[in-house]
Every structure is written in C-alpha cells, then in structure tokens.
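First comes the structure, then the notes that go with it.
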Amino acid sequence: MKPVEYIDVYDRDRRATGLIVPRETSLAPGEYRLVVHICVFNSAGKMLIQLRSKDKAAYGGLWDVSAGGHSRAGENSAAAAERELFEELGISMDFSRTDPAMCLNFPGGFDDYYVIDRDGDIDSLKLQREEVDTVRWADAGEICAMIDSGEFLPFHKSFFDFIFEMHKNGLDFFRK
C-alpha cells in the first residue's frame with residue numbers, strides 16, 4: 001500500500017494556513033493546494049512529454065507534460081518542482097533560484113509551471129515506473145493532435161501554443 005502524502009492548505013493569497021491534510025482530501029471553499037509542472041525543452045524546441053502509468057487513478061495511460069505533482073507539506077514550489085523532476089525522470093536540478101514561468105489558478109488550487117532547457121538522451125532517464133511508462137520529445141503540433149485524439153490530458157490546445165511561444169521567446173513577452 002502506498003504511504004499517505006500530506007499537503008499544506010493555502011488561502012487565496014497563497015499563504016499556508018497551517019492546516020495539513022492527506023493529498024486526496026477534498027478541500028473546502030476558500031482552501032487551496034499547490035501543484036507544480038515542469039516543461040523540459042530541448043535545443044530543437046521540442047518538449048519532453050511523459051506517458052502516465054496506466055495504473056494511476058487520475059488520467060492513467062494519457063500523455064502529460066514532462067513532470068509534475070502536488071507539493072508536499074512543508075515544501076515550497078521550487079522544492080516540489082525539484083523533487084518531482086528527480087522522482088519521475090531522474091533529472092537532478094537545483095530550482096532554488098528558478099521562478100515559475102507562469103502561475104495559473106484552478107478551482108481549489110494553484111498550478112506553477114516551470115520551463116527549463118535540457119538536452120540529453122531520453123533513454124538514459126530513470127523513470128519512476130509507478131508514475132511514468134515512457135517519455136518522448138514532441139512539438140506543439142504533435143501535442144495538439146494528441147489532445148484532439150484523446151491521447152493527451154485534456155488541456156486547451158492554446159495553452160501549448162502559449163508555452164511553446166514562451167519558450168521560443170525566452171519567457172520575455174513584453175516587446176520593447
């Protein structure tokens with residue numbers, strides 16, 4: 001049996017309330033959780049995507065961004081991103097001086113998206129088999145086609161247009 005993971009509960013201003021609950025807990029209105037996602041890009045401008053394990057309760061057997069998950073109790077966003085990237089893909093990276101590229105709110109939580117560059121042989125990654133079946137590189141068009149076919153998590157396709165454009169422009173959207 002998998003051990004229980006605990007998360008911090010936040011208020012709408014992203015301040016920890018001091019309440020710590022099991023990750024599976026349904027939060028009350030006005031309570032929020034923190035989730036992180038890491039989008040790994042190579043020098044060819046493709047994103048590393050992962051096929052979630054078929055055994056996962058949520059979206060098992062569907063493709064997703066490179067890595068991600070809930071922050072654990074006591075973790076900040078950067079620490080959670082560092083842990084998730086290492087746990088799921090075996091990639092060690094210090095996120096202590098890395099800010100999320102964007103922060104999105106969803107009902108009941110906050111999604112922090114990190115965009116990083118990393119080339120390398122994907123066959124050498126150490127995949128966490130309970131979480132990830134396989135990985136591959138994909139461009140925005142491939143991901144959008146996978147969304148249309150139901151193979152990818154049900155993101156809005158415009159999200160990937162945006163994140164690929166962010167990556168291409170060095171996360172600088174304000175033209176001078």
Is a donor on one side and an acceptor on the other found under 3.5 Å between the side chain of [X] and the backbone of [Y]?
| X | Y | value |
| --- | --- | --- |
| D8 | G74 | yes |
| R129 | D133 | yes |
| D112 | V36 | no |
| S66 | L48 | yes |
| Y32 | L27 | no |
| R118 | N42 | no |
| E87 | E84 | no |

| task | Please work out whether the ring planes of F41 and H167 are parallel, tilted or perpendicular, with thresholds of 30° and 60°. | result |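 Geometry flag for H167 against F41: parallel rings.
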| said: Looking only at side-chain N and O atoms, does D111 offer a donor or acceptor that is under 3.5 Å from a partner on H37? | reply: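 Present: a donor and an acceptor within the cut-off.
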| said: For D11 and T17, which I'm curious about, is there any donor-acceptor pair between the side chains at under 3.5 Å? | reply: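 Per modelled atom types, D11 and T17 side chains form no pair under 3.5 Å.
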| query | Aromatic ring centroids of F162 and Y113 under 6.0 Å? | reply |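 Centroid separation for F162 and Y113: 6.0 Å or greater.
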| message | Let's go through V21 and Y6 carefully: what are the C-alpha distance in whole Å and the side-chain angles of both, what is the deciding distance for side-chain contact (heavy atoms from CB on, under 4.5 Å) to 0.1 Å, and is it a yes or a no? | response | CA-CA 5 Å; V21 299; Y6 290 89; 5.7 Å; no
| said: Quick one, I49 with W137, criterion side-chain contact (heavy atoms from CB on, under 4.5 Å). Give me CA distance, side-chain angles, the key distance, then yes/no. | reply: CA-CA 6 Å; I49 60 174; W137 296 106; over 6 Å; no
| request: Run the salt-bridge test on R83 and E88 with the 4.0 Å N-O cut-off and return the result as yes or no. | output: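 Result for this pair is no, no salt bridge flagged.
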| task | Output all residues satisfying side-chain hydrogen bond (donor to acceptor under 3.5 Å, both in side chains) with S96, sequence neighbours left out; order by chain, then residue number. | result |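 S96: side-chain hydrogen bond (donor to acceptor under 3.5 Å, both in side chains) contacts with D94.
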| task | With sequence neighbours excluded, tell me which residues meet side-chain hydrogen bond (donor to acceptor under 3.5 Å, both in side chains) with S92. | result |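 For S92 there are no side-chain hydrogen bond (donor to acceptor under 3.5 Å, both in side chains) partners, ignoring immediate neighbours.
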| message | Within 45 degrees of the ring normal and closer than 6.0 Å to the centroid, is that where the cationic atom of R14 sits relative to F110? | response |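 Ring-cation test returns yes.
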| Over all atoms of both residues, closest heavy-atom pair of L51 and G61 |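 Smallest heavy-atom distance, with atoms named: CD1-O, 3.4 Å.
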| request: Give the cluster check for V115 versus F86: same hydrophobic cluster or not, with ILVMFWY residues linked at side-chain heavy-atom distances below 4.5 Å. | output: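 No; F86 is not reachable from V115 via cluster members.
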